[in-house]
Amino acid sequence: MAEYPFKFDSKYRPLLRGFGVTPTNSRITVADGELDVRFGPWHLRTPVSNIAGTQRSGPYKAYKAIGVRGSLADSGVTFGTTTDGGLCVLFKERVPGMLPFGLRKHEGMTVTPEDIEGLEQALTQ
């Protein structure tokens, strides 16, 4: 099992805490062929075999990256804790990701882990 904590930028912690997102309840785990993302009350899970590819991205504007966001433009979801950069993960089949507040399925997601390179390697091996 490999766990990848989110990189929490201290200036956004109060805002994220207001939405129930903290370092203790937010993590990215790759284990037993599954990618599991917990972001406060939100949860995304998919088999690693459903991953079509990854791409590093950023830096970001805060209004586009901090918190949980769904994109109408590309059907993606963002779980963001910093503006420094992150990893975009594309899925072969759409995955629900804004649970528990919606059932919309996403073509991809962007996450902001402390170890972008490590997560990318775990998902593309």
Side-chain angles (χ1 to χ4, degrees):
M1 178 172 91
E3 215 169 86
Y4 301 90
F6 280 86
K7 181 179 181 180
F8 276 78
D9 188 321
S10 61
K11 65 183 167 188
Y12 301 117
R13 280 184 187 221
L15 174 66
L16 291 164
R17 191 177 314 111
F19 289 101
V21 177
T22 68
T24 59
N25 68 10
S26 302
R27 71 185 181 292
I28 305 158
T29 306
V30 181
D32 301 322
E34 294 273 323
L35 166 65
D36 187 87
V37 180
R38 297 216 176 251
F39 194 72
W42 292 276
H43 183 215
L44 181 146
R45 174 183 258 163
T46 191
V48 172
S49 61
N50 188 38
I51 295 171
T54 61
Q55 182 176 346
R56 294 181 200 192
S57 58
Y60 312 115
K61 302 271 188 211
Y63 66 89
K64 289 187 175 183
I66 302 302
V68 63
R69 307 214 178 302
S71 170
L72 295 175
D74 65 3
S75 297
V77 63
T78 296
F79 301 113
T81 55
T82 183
T83 57
D84 294 345
L87 187 67
C88 179
V89 180
L90 301 174
F91 304 122
K92 295 174 186 173
E93 293 183 28
R94 291 177 180 235
V95 176
M98 292 184 71
L99 299 174
F101 303 114
L103 296 175
R104 185 167 171 238
K105 292 187 176 184
H106 305 283
E107 294 177 358
M109 75 166 177
T110 300
V111 289
T112 55
E114 289 179 3
D115 182 4
I116 296 169
E117 183 177 339
L119 177 60
E120 185 175 39
Q121 288 177 358
L123 296 176
T124 57
Q125 289 184 18

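The first residue in the sequence is number 1, and the count goes up from there.
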Show every donor-acceptor pair shorter than 3.5 Å between a side-chain atom in residues 109-118 and any protein atom, with sequence neighbours excluded, or say none if there are none.
from: T112; atom 1: OG1; to: T81; atom 2: N; distance (Å): 2.9
from: T112; atom 1: OG1; to: T81; atom 2: OG1; distance (Å): 2.8
from: D115; atom 1: OD1; to: G118; atom 2: N; distance (Å): 2.7
from: E117; atom 1: OE2; to: Q121; atom 2: NE2; distance (Å): 3.3

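- In terms of the side-chain contact (heavy atoms from CB on, under 4.5 Å) criterion, residue partners of K92 (sequence neighbours excluded) are, by chain and number, N50, A52.
- Of the inter-residue distances, the one linking F79 atom CZ with I28 atom CD1 reads 9.5 Å to the nearest 0.5 angstrom.
- Between T82 and Y60 the shortest heavy-atom distance is O-CD1, 3.9 Å.
- For residues 105-125, no residue pair satisfies the ring pair (Phe, Tyr, Trp, His ring centres under 6.0 Å) rule, not counting sequence neighbours.
- In this structure Q125 satisfies the side-chain hydrogen bond (donor to acceptor under 3.5 Å, both in side chains) test with no other residue, sequence neighbours excluded.
- Every residue was checked against the side-chain hydrogen bond (donor to acceptor under 3.5 Å, both in side chains) condition with Y12, not counting sequence neighbours, and none meets it.
- Smallest separation of non-hydrogen atoms from K7 and D84: NZ-OD2, 2.7 Å.
- Minimum heavy-atom separation, G40 to S26: N-OG, 3.2 Å.
- In this structure, the side-chain hydrogen bond (donor to acceptor under 3.5 Å, both in side chains) partners of R56, at least two apart in sequence or on a different chain, are E120.
- Within the structure, the salt bridge (Lys or Arg N to Asp or Glu O under 4.0 Å) test picks out the following pairs touching residues 15-27 (sequence neighbours left out): E3-R27.
- In this structure, Y4 and L119 approach most closely via the heavy-atom pair CE2-N, 3.4 Å.
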Q. Would F8 and L16 satisfy side chain to side chain contact (heavy atoms under 4.5 Å, CB included), going step by step from the backbone distance to the final call?
A. CA-CA 9 Å; F8 276 78; L16 291 164; 3.8 Å; yes

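- Taking CZ from F6 and OG1 from T22, the interatomic distance works out to 11.5 Å, rounded to the nearest 0.5 Å.
- For the pair D9 (side chain) and T83 (backbone), a donor-acceptor distance under 3.5 Å is absent.
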Going by atom type alone, with no hydrogens or angles, which donor-acceptor pairs under 3.5 Å involve a side-chain atom of residues 31-39 and a protein atom two or more places apart or on another chain?
from: D36; atom 1: OD1; to: H43; atom 2: NE2; distance (Å): 2.7
from: D36; atom 1: OD1; to: R45; atom 2: NE; distance (Å): 3.3
from: D36; atom 1: OD1; to: R45; atom 2: NH2; distance (Å): 3.4
from: R38; atom 1: NH2; to: H43; atom 2: NE2; distance (Å): 3.4

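- The side-chain hydrogen bond (donor to acceptor under 3.5 Å, both in side chains) check on R94 picks up S75, E107, with sequence neighbours excluded.
- With sequence neighbours left out, R13 forms a salt bridge (charged side-chain N to carboxylate O under 4.0 Å, His left out) with no residue at all.
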